[in-house]
Amino acid sequence: MFDIAVVGAGVVGCAVARRLALMGARVVLLEQGPDILSGASKGNSAILHTGFDAPAASLELACMQAGRAEYLEIREHFGLPLLETGAIVAAWSDDEQAKLPAIAAQANANGVTDVALLDRAALLARVPTLSPHVKAGLLVPGEHLIDPWSAPLAYVLQAQALGATVHRRTQVTAARFDGAAWQLETTTGPFRATTLINAAGLFGDHLETLALGETSFTIHPRKGQFVVFDKAAAKLLSTILLPVPLERTKGIVLTPTIFGNLLVGPTADEQDSRTNAGTDQASLQALIARAHALIPALAHMPVTALYAGIRPATERKEYRLRHEPARHYIGLNGIRSTGLTAALGLAQHAASLYQTPHTPIAAPPWPQAPKLAEHLPRDHHQPGYGEIICHCELVTQREIEAALTGPLPATDLGGLKRRTRATMGRCQGFYCLAHLAALTAGRLDPPLETPHAP
Amino acid sequence: MPPEDLHDALIIGAGPAGIGAALALKSRGIRAIALLERETEPGGTPRHCGHPPFGVREFHRLLTGPAYAKRLARAAFEANITLLPRHSVLSLQPGGTLTIATPAGPRTLSARRVLIATGAREAPRAARLIGGERPLGVLNTGALQAYCYLEHKAPPFTRPVVVGTELVSLSALLTLRRHGIHPVAMLESGPAPVARWPFSLFPRLLGLPVRFNAPLASINGFPRVTSVTLQNGSELACDGVLLTGRFAPESTLARMSHLALDPATTGPAIDQYGRTSDPAYFAAGNQLRAIETAGWCFFEGQRIGHHMADDLQGGLPAPGDELSLTPGEGIAYVVPQRLARVSPLRATLQLRLTEPALGQLHVRAGSSVLLRRPVISAPERRVLLELDDLRLPPGTQHLTIEVAQ
């Protein structure tokens, strides 16, 4: 018997599980994928936003700002990184330039008061690699980069250290509220919990229907494709380059990553599939062309990786929160690109809705997140790592072993990549995949080798 | 006495080029040299090429890759050359200082001369802009051979498509066949096989369908490959994708450093002695251009090792007064990219063509053609052009190499 069942171990579910465990609740976190962050949370642009362009007085803005504040407060306890890059909203036409003062005014109204308009000369002085076609920009100093996978992993590890239970590869097949508690049927057996929290992301509407018999929203999957440039490209841009926002999405961003690459994306492709995160050559070529247009020197830089994420968009732009106190149900849905920033704030919000008193944990343990940020010491700086397995990303044998053990070991290649960055570098496994197959034998599903040699 | 960590020469990469250079340096009496190798074992790429022919010119024996790699390692050992395995060079600092990761902790080593011999690798999926999902079972030949010959594991597919028709693609077919894996097809984006006859007959002998003009658009399935889609829209069922060839220098260290790169080769630009834009650094082997045989790289390493020894012993002309070489019409790249201006001006230029050609190679300074040589060749073949006592018009800074049909 649990106090709370959180369904969905994306960044929101992980943050919620942590917050409620800190409050002293008995939490079970259920995830249908092979690992945490297997859905929408595996592919994003990894920006810790200020909320400067979020809708005024919205719950989204409140959660982003609370989430950001909490991240900055707790990150050092977890050993989580922060790369203080700032962002520039760049205008490339007279029309776009005309919109900058309104964006600055909205930023000020949202409490982000350190933004500054830059004329073309000031902008080019600040980012000399930028195409001279740029017209003007808005500097947003508070936009930063974080590690989008180590942060939620740290949240879950802390929840587990406080007694939370995590079940992966576990799909909820039925949910019934009997007046006192929820009875959940899943692919790994039944669970009983007083309160149900729906953080099921791309399947949030399915779960809501399963639980409540109807749903207040429908997921319209929106795919975002990204292109990652070689680490050598990172020297060409040290700030986040944002477009003047479009009505529907934040538009295409060119940004450094905390891992030392340069990233361009996302596209915004409406599709029916909630799982097919496929890329297509036309979109990839368009992204690369866009990146070359913004920073001409990128033309000589190799492409390191391609990926896509799927955002759980709904028929409306705002977060789709639902609280049914009588049925002990809290729904946290429709969380798109701002989820990474807002997760800890959404967790605070869910906790305030939950209200049931428990004895809060006074001095929680702080499990240490993987140290993957390029600008900070990595594992290979500490002696005794064995050997370097992935040469491109300098992943050590010790890091691989750590990712395969502990309270939440990786059980698939995706989970291993997110915990260590193995195979995510420029050779994409040319040198290390076979070695990894040997090191992970019997520990990953699907395995990296064909089990019975033909 | 020099400090313990100041070497005469440090060599990054204990493959054929690096070991060739180390042997040359040692034979010239250069004492304080060390080979830095990021893997546990020396030998480089031949370690996982489990097939002949290796070593015919170097050791007068017909060897498999792993046997050849062992012979190279033994030669280095017998010459008493210091090998530092599990040494991953992280950065090249101006003047010959290297930051290095080792299992015993970070190290910084300096040398009067450094050789970059980090080889080449195949283009992975992302660099080829192949779309689709990201399932398990998409490998390069290098990874396939590491599965089969280094780890003795079965790769994560049983009926892959093989992409590419270069020589290495045929080597991949041999590896697959030896391990009981039956590819469903071979795909070539161009109209004809890249490997020359009679090698190009080989897939047909294996009964393997080869599709030309068949570039890959996307890979489908998750978590395993279920099919591939070609750019013409047709779909092919398979459970893996083997991406072969399209080698490029593994020039990350140079790219991340202060050294000048040649955009045509994507490796460091050198002069006729193998000297890069920082005269403390030399480069040799497939780091310079992709891709030549292990034997070629070994002898190239030896030649450039001798130039390094000349330099250490005061025998190389000072850098600075140089001609630049540019690939012109019909030429993909020229190595070296610079020539120190010496008299008589002698060098061997290594070229590749952009398309098959039957005509003349010209070396041009401005409007005057200084050298004409007949050429009958194709892009997959190495072309060597000897400059022997080339006479330059006064004031020449720049030479263009081009094909005149």
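Convention: sequence-line order gives letters A, B, ...; per-chain numbering from 1.
With chain B as partner, the option from Gly429(A), Ala308(A), Cys427(A) having the largest number of non-hydrogen pairs under 4.5 angstrom is Cys427(A). Contact tally against chain B (heavy-atom pairs below 4.5 Å) for Glu387(A), His380(A), Gln225(A), His381(A): the top residue is Glu387(A). The most heavy-atom pairs under 4.5 Å with chain B, out of Thr275(A), Leu306(A), Asp412(A), come from Leu306(A). The candidate from Gln281(A), Lys231(A), Gln428(A) with the greatest count of non-hydrogen atom pairs under 4.5 Å with chain B is Gln281(A).
Contacts between Leu216(B) and chain A at a heavy-atom distance below 4.5 Å involve the backbone alone (N, CA, C, O). Contact of Gln145(B) with chain A is not made at all, since no heavy-atom distance falls under 4.5 Å. Residue Ala101(B) touches chain A through both its backbone and its side chain, counting heavy-atom pairs closer than 4.5 Å. Looking at Glu122(B), the atoms closer than 4.5 Å to chain A (heavy atoms on both sides) sit in the backbone and in the side chain alike.
Between the side chain of Tyr385(A) and the backbone N or O of Thr102(B), at least one donor-acceptor pair lies under 3.5 Å. Looking at Arg134(B), its side chain never comes within 3.5 Å of a backbone N or O of Ala277(A) through a donor-acceptor pair.
Looking at heavy atoms from C-beta onward, Met301(A) lies in side-chain contact with Arg255(B) at the 4.5 angstrom threshold. Side-chain contact between Glu39(B) and His391(A): present, with at least one pair of heavy atoms (C-beta onward) separated by less than 4.5 Å. Between Pro446(A) and Arg224(B) there is a side-chain heavy-atom pair separated by less than 4.5 Å.
Expressed to the nearest 0.5 Å, how far CD of Gln285(A) lies from CG of Leu129(B) amounts to 6.0 Å.
Of all heavy-atom pairs spanning Gly386(A) and Arg86(B), the tightest one is O-NH1, 3.2 Å. Pro263(B) and His300(A) make their closest contact through CB-ND1, 4.3 Å (heavy atoms, listed as atom of the first residue, atom of the second, distance).
Contacts between residues 287-299 of chain A and chain B, counted as heavy-atom pairs separated by less than 4.5 Å, involve Ile288(A).
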